[in-house]
Amino acid sequence: MVPRSGKGKGALLHERPMPTPPIIAEASVTKLDARHRDAVLVAGSHGGVIAGFLAAKAGVRAVILSDAGVGRDQAGISSLAYLEKIGMAAATVGHMSARIGDGADMLARGVITHANAIAARLGVRAGQLCAEAAERLKQAPVVEGSPPPYEEARFPIRETPGEPAVWGLDSVSLVEPADKTRVLVIGSHGGILGGKPETAMKYDALAAIFNDAGVGADGAALTRLPPLDARGIAAATVDCMSARIGDARSTWETGMLSHVNETAKKLGARAGMSTQDFVARVIDHYRGKI
């Protein structure tokens, strides 16, 4: 991918007039369309690579995401380097300054914590209000072409006859109707989108584990837990420092529970328990019942 504007004889870049891009706030990068092309996007998604990929795939001019507590291996801001390599400006707002999963709140009160070099050259810096940063990003180069391939994974972790299967999903957007009798280990943050409880999870499962993204402003990264409780789904989050956000395999291998809902508590879940120990309890409860 290359920026669409530039100078120089024989260069791959060229000047062309561009309309003033809009600033668009969205709850997530998972449902972008033609309206977002060339826009400055403020999205409530975590700042992991997958979010950067989806923003670039949609052809946005620049993107601001949540730093999701930064977390293990700095996974919560890993999209910044990924997007810098393809020429796109990107930044994150602090998870304590605005609600994750709520782009409008990020635009209204978010404070920048990290920016890649392209955004920094446009004057985006830590401590700046998100709204000011978004205005500066209107001057960002627009990238042509498709980003390098990146696919969210959905994979079986454990499948034993007579007991619930355990599946890993890098994103909650990958949940399917067939997951109703499964335990899901999900890389997404544990927050509902745009304050809507129905976005907690599209389809039911026996249990689901998310990343707490540092919990953040208004406890936003835990807000999937109560509506899943109401649906009888045991749900928990892992500490963002124990597992990489956006990475189900990391959640399975090293995740440590930080918060659990009441349904999960009844199965013996508690903070400090490993993902694998919690899953074992869920399996024990449902063995032979599905």
Mind checking whether [X] and [Y] sit in one hydrophobic cluster, side chains of I, L, V, M, F, W, Y counted as touching below 4.5 Å?
{"X": "Val282", "Y": "Ile233", "answer": "no"}
{"X": "Phe278", "Y": "Met256", "answer": "no"}
{"X": "Leu193", "Y": "Leu228", "answer": "no"}
{"X": "Ile86", "Y": "Leu54", "answer": "yes"}
{"X": "Ile100", "Y": "Val215", "answer": "no"}

pair [X]-[Y]: side-chain heavy atoms closer than 4.5 Å:
{"X": "Tyr150", "Y": "Val49", "answer": "yes"}
{"X": "Met201", "Y": "Ile186", "answer": "yes"}
{"X": "Trp252", "Y": "Gln276", "answer": "yes"}
{"X": "Ile245", "Y": "Cys240", "answer": "no"}
{"X": "Lys202", "Y": "Glu176", "answer": "no"}
{"X": "Thr92", "Y": "Ser66", "answer": "no"}
{"X": "Val40", "Y": "Ile24", "answer": "no"}
{"X": "Val279", "Y": "Ile209", "answer": "yes"}

Write down the atom of [X], the atom of [Y], and the distance for their closest heavy-atom approach.
{"X": "Leu32", "Y": "Val29", "answer": "CG-O, 3.4 Å"}
{"X": "Pro141", "Y": "Gly87", "answer": "CG-O, 4.0 Å"}
{"X": "Ala235", "Y": "Leu225", "answer": "CB-CD2, 3.6 Å"}
{"X": "Ala243", "Y": "Ser250", "answer": "CA-OG, 3.4 Å"}
{"X": "Ala134", "Y": "Leu107", "answer": "CB-CD1, 4.3 Å"}
{"X": "Gly110", "Y": "Ser97", "answer": "CA-OG, 3.5 Å"}

Discussion item. Assess the residue pair Thr113 and Val93 against the criterion (side-chain contact (heavy atoms from CB on, under 4.5 Å)); give the C-alpha distance rounded to whole Å, side-chain angles, the decisive distance to 0.1 Å, and a yes or no.
Written reply: CA-CA 5 Å; Thr113 52; Val93 301; 5.8 Å; no

Query - Worked check of side-chain contact (heavy atoms from CB on, under 4.5 Å) between Arg281 and Met273 - result: CA-CA 11 Å; Arg281 289 175 182 263; Met273 176 181 287; 3.2 Å; yes

Pairwise distance [atom1]([X]) to [atom2]([Y]) - rounded to 0.5 angstrom:
{"X": "Ser45", "Y": "Ile50", "atom1": "OG", "atom2": "CD1", "result": "9.5 Å"}
{"X": "Phe155", "Y": "Asp170", "atom1": "CZ", "atom2": "CG", "result": "6.0 Å"}
{"X": "Ser28", "Y": "Leu65", "atom1": "OG", "atom2": "CG", "result": "9.5 Å"}
{"X": "Ser173", "Y": "Lys31", "atom1": "OG", "atom2": "NZ", "result": "9.0 Å"}
{"X": "Ser79", "Y": "Glu84", "atom1": "OG", "atom2": "CD", "result": "11.0 Å"}
{"X": "Leu184", "Y": "Tyr203", "atom1": "CG", "atom2": "OH", "result": "13.0 Å"}

Between [X] and [Y] (side chain of the first, backbone of the second, donor and acceptor by atom type, cut-off under 3.5 Å), is there such a pair?
{"X": "Arg224", "Y": "Thr199", "value": "yes"}
{"X": "Lys289", "Y": "His285", "value": "yes"}
{"X": "Thr160", "Y": "Glu163", "value": "no"}
{"X": "Thr251", "Y": "Gly187", "value": "no"}

Item to complete: Answer yes if the side chains of Asn211 and His189 hold a donor-acceptor pair under 3.5 Å, and no otherwise.
Response: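 Side chains of Asn211 and His189: no pair found under 3.5 Å.
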
Under 3.5 Å, side-chain donor or acceptor atoms of residues 114-126 against the rest of the protein: list the pairs with distances, not counting sequence neighbours.
unit_1, atom_1, unit_2, atom_2, d
Asn116, OD1, Ala90, N, 3.2
Asn116, OD1, Ile118, N, 3.3
Asn116, OD1, Ala119, N, 3.0
Asn116, ND2, Leu80, O, 3.2
Asn116, ND2, Met88, O, 2.9

Gln139 atom CD, neighbour heavy-atom count above 12 within 6.0 Å:
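Open: at most 12 neighbouring heavy atoms sit under 6.0 Å from CD of Gln139.
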
### Query
Should the heavy atoms of other residues, nucleotides or ligands under 6.0 Å from CD of Gln74 be counted, would the total exceed 12?
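Atom CD in Gln74 is not crowded, with 12 or fewer foreign heavy atoms closer than 6.0 Å.
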
Is it true that [X] and [Y] make a salt bridge, defined as a side-chain N closer than 4.0 Å to a carboxylate O?
{"X": "Arg109", "Y": "Asp105", "result": "yes"}
{"X": "Glu132", "Y": "Arg136", "result": "yes"}
{"X": "Asp284", "Y": "Arg287", "result": "yes"}

* Stepwise side-chain contact (heavy atoms from CB on, under 4.5 Å) test for Val42 and Glu26 -> CA-CA 6 Å; Val42 179; Glu26 297 287 2; over 6 Å; no

Yes or no on side-chain contact (heavy atoms from CB on, under 4.5 Å) for Arg154 and Trp167, after CA distance, side-chain angles and deciding distance?
CA-CA 7 Å; Arg154 179 188 161 90; Trp167 277 67; 3.8 Å; yes

Note to self: Considering only residues two or more places apart or on different chains, which pairs with a residue in residues 225-246 satisfy side-chain hydrogen bond (donor to acceptor under 3.5 Å, both in side chains)?
What the structure shows: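 Output for this query lists Asp73-Arg244, Asp204-Arg231, Asp229-Thr263, Thr237-Ser258, Arg244-Asp247.
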
* So Lys57 and Asp33, salt bridge (charged side-chain N to carboxylate O under 4.0 Å, His left out) or not? Walk me through it. -> CA-CA 10 Å; Lys57 185 179 178 182; Asp33 55 37; over 6 Å; no

